[in-house]
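Because only heavy atoms are used, hydrogens play no part in the values below, and waters and symmetry mates are left out as well, while side chains stay in. Quantities reported herein were computed from a predicted structural model and do not represent experimental measurements. Start at 1 and go down the list; that is how both ligands and their atoms are numbered.
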Amino acid sequence: MQDVVIIGSGPAGLSAALYILRGGFSTTVIGKDNGALEKAEKIENYFGLDHPLSGHELIENGRKQVQDLGGTLLQDEVVGISWNGNYLVSTASTQIEARAIILTTGTSRKTLKIKNLAKLEGHGVSYCAVCDAFLYRGESVAVLGNGEYALHEVQELLPVVGSVTLLTNGLEPSVDFPPKVTIIQTPVLELVGTDALEAVCLEDGTQLHPACLFMALGTAKGSDLARKLGIRLEDERIIVNEQMDTGLPGVFAAGDCIGGILQVSVAVGEGAKAALSCIKYLRS
Ligand SMILES: Cc1cc2nc3c(=O)[nH]c(=O)nc-3n(C[C@H](O)[C@H](O)[C@H](O)COP(=O)(O)OP(=O)(O)OC[C@H]3O[C@@H](n4cnc5c(N)ncnc54)[C@H](O)[C@@H]3O)c2cc1C
């Protein structure tokens with residue numbers, strides 16, 4: 001029996017664990033993997049770093065902090081949660097009973113099967129304008145997408161970069177983009193580059209050379225676990241109140257799974273806030 005099971009071992013989950021443990025409660029953090037940050041080549045937009053850290057290093061530091069405080073980390077996928085007076089969290093290999101749950105399951109960014117895209121993530125392909133715009137100030141960048149999420153990324157980029165080309169990949173823009181943005185509807189054929197993005201090749205043979213390609217297709221699939229628990233979702237995001245409370249007794253949520261600004265500092269802050277609310281619940 002644990003006081004709290006935290007589902008998700010990204011920055012929000014690990015941050016929540018630190019507060020739960022320091023509050024004198026036991027916790028097991030269950031995560032399938034290290035989350036979105038594992039893909040981030042360099043984290044610079046985070047307080048207190050005297051040099052950029054890779055996402056992997058930042059997560060490993062966080063995992064060590066949790067273990068040093070006596071927290072348990074379990075690499076596994078949670079497949080179900082049931083209620084028998086406490087919460088019963090099931091993975092493929094085990095079941096853990098807990099008085100409270102913190103959901104920090106992140107989100108997955110929609111992507112496309114484009115040749116070399118996966119290889120160039122973090123090397124000229126970005127999924128976060130607010131994180132990376134600064135690295136391309138004054139330069140020409142491209143955004144791949146055609147809807148609200150692409151518009152959001154374009155609006156983040158325009159005040160910082162030199163110019164933005166929107167690649168809609170064969171689709172009509174579904175919202176109005178600022179007139180400053182060049183819109184190209186021709187489908188993307190492949191990306192070229194070995195260690196860094198060198199060109200975006202379109203199906204009509206055109207080659208573009210943006211300093212960065214920002215993927216802005218939106219986020220995919222909300223938390224299936226939240227859905228199973230009957231927690232309210234909106235646009236596939238878990239709805240919480242100011243206290244990170246989902247409305248289900250003892251179930252809190254934080255980080256990318258609740259949406260908002262998808263940044264490590266935000267996830268860490270929300271993880272801490274969810275943990276403090278959870279501690280209040282456990283003490284009540
Ligand atoms: C390529 C890339 C680069 C980025 N660069 C930056 C950057 O430079 N600066 C910045 O501030 N932010 C950056 N971000 C964003 C940042 O990584 C995220 O905002 C942050 O990781 C969100 O933390 P989280 O804990 O909410 O979710 P995540 O880090 O995504 O963690 C989710 C966790 O939930 C687990 N999980 C999900 N479902 C289950 C389940 N059923 N059972 C068990 N575990 C489950 C996952 O395995 C994972 O451990 C970047 C993101 C990407 C993809």
task: State whether Arg227 and Glu236 are salt-bridged, where the test is any N-O pair (Lys NZ or Arg NE/NH1/NH2 against Asp/Glu carboxylate O) under 4.0 Å.
output: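 A salt bridge links Arg227 with Glu236.
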
Is there a polar contact between ligand 1 and [X], counting only N or O atoms under 3.5 Å apart?
X: Gly8; result: no
X: Lys32; result: yes
X: Asn45; result: yes
X: Glu44; result: no
X: Ala254; result: no
X: Asn34; result: no
X: Ser265; result: no

message: Assess the residue pair Asp132 and Ser126 against the criterion (side-chain hydrogen bond (donor to acceptor under 3.5 Å, both in side chains)); give the C-alpha distance rounded to whole Å, side-chain angles, the decisive distance to 0.1 Å, and a yes or no.
response: CA-CA 7 Å; Asp132 293 340; Ser126 169; 2.7 Å; yes

Could you find the nearest protein heavy atom to [atom] and give me its residue, atom name and distance?
atom: atom 37 (C) of ligand 1; value: Thr105 O, 3.3 Å
atom: atom 7 (C) of ligand 1; value: Ile43 CD1, 3.4 Å
atom: atom 41 (N) of ligand 1; value: Val78 O, 3.1 Å
atom: atom 28 (P) of ligand 1; value: Ala36 N, 3.6 Å
atom: atom 17 (O) of ligand 1; value: Leu37 CD1, 3.3 Å
atom: atom 4 (C) of ligand 1; value: Ala40 CB, 3.6 Å
atom: atom 27 (O) of ligand 1; value: Gly106 CA, 3.5 Å
atom: atom 10 (C) of ligand 1; value: Cys131 SG, 3.4 Å

- prompt: Are Leu167 and Met215 connected in a single hydrophobic cluster, I mean Ile/Leu/Val/Met/Phe/Trp/Tyr linked by side-chain heavy atoms less than 4.5 Å apart?
  reply: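 Yes, because Met215 and Leu167 connect within a single hydrophobic cluster, where side-chain heavy atoms sit under 4.5 Å apart.
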
task: Could you state whether Val268 and Ile102 fall into the same hydrophobic cluster, counting links through intermediate Ile, Leu, Val, Met, Phe, Trp or Tyr residues with side-chain heavy atoms under 4.5 angstrom apart?
output: yes

Would you kindly specify which portion of [X] sits under 4.0 Å from ligand 1, judged on non-hydrogen atoms: side chain, backbone, both or neither?
X: Thr104; value: backbone
X: Asp76; value: backbone
X: Lys42; value: backbone
X: Ala267; value: side chain
X: Cys128; value: neither

Should you measure from each heavy atom of [X], which atoms of ligand 1 turn up under 4.0 Å away?
X: Gly10; answer: 25 (O), 29 (O), 31 (O), 33 (C), 49 (O)
X: Glu77; answer: 41 (N), 42 (N), 43 (C)
X: Leu225; answer: 41 (N)
X: Gly255; answer: 26 (O)
X: Ile30; answer: 43 (C), 44 (N)
X: Val264; answer: 10 (C), 11 (O), 12 (N), 19 (O)
X: Gln263; answer: 11 (O), 12 (N), 19 (O)
X: Ser9; answer: 33 (C), 48 (C), 49 (O)

- prompt: Can you tell me if Thr246 uses its side chain to pair, donor with acceptor, with the backbone of Val251 under 3.5 Å?
  reply: yes

Can you tell me if [atom1] on [X] sees more than 12 non-hydrogen neighbours from other groups inside 6.0 Å?
X: Tyr136; atom1: OH; result: yes
X: Lys119; atom1: NZ; result: yes
X: Asp176; atom1: CG; result: no

- request: Please report the closest heavy-atom contact between Leu197 and Gly124, naming both atoms and the distance.
  value: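 Minimum heavy-atom contact is CD2-O, 3.4 Å.
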
message: For Pro187 versus Asn169, what's the shortest heavy-atom pair and its separation?
response: CA-OD1, 3.4 Å

- prompt: For ligand 1, is Gly122 a contact, meaning one of its heavy atoms is under 4.0 Å away?
  reply: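 Heavy atoms of Gly122 never come under 4.0 Å of ligand 1.
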
field: Between Gln2 and Thr27: side-chain donor-acceptor atoms closer than 3.5 Å
entry: no

query: Can you tell me if Thr107 and Asp256 form a side-chain donor-acceptor pair at under 3.5 Å?
result: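 There is no such pair (donor and acceptor under 3.5 Å, judged by atom type) between the side chains of Thr107 and Asp256.
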
- prompt: Checking side-chain hydrogen bond (donor to acceptor under 3.5 Å, both in side chains) for the pair Asn45/Gln263: CA distance, chi angles, key distance, verdict?
  reply: CA-CA 9 Å; Asn45 60 331; Gln263 268 190 89; 2.9 Å; yes

- prompt: Is there any salt bridge (charged side-chain N to carboxylate O under 4.0 Å, His left out) pair reaching into residues 89-107, and which pairs are they, with sequence neighbours excluded?
  reply: Asp3-Arg99

statement: atom 46 (C) of ligand 1: of Asp33, Asp132, Leu262, the nearest heavy atom sits on Asp33

Residue among Leu208, Thr206, Thr168, Leu166 satisfying side chain to side chain contact (heavy atoms under 4.5 Å, CB included) with Ile184: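 Running side chain to side chain contact (heavy atoms under 4.5 Å, CB included) over Leu208, Thr206, Thr168, Leu166 with Ile184 returns exactly one hit, Leu208.
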
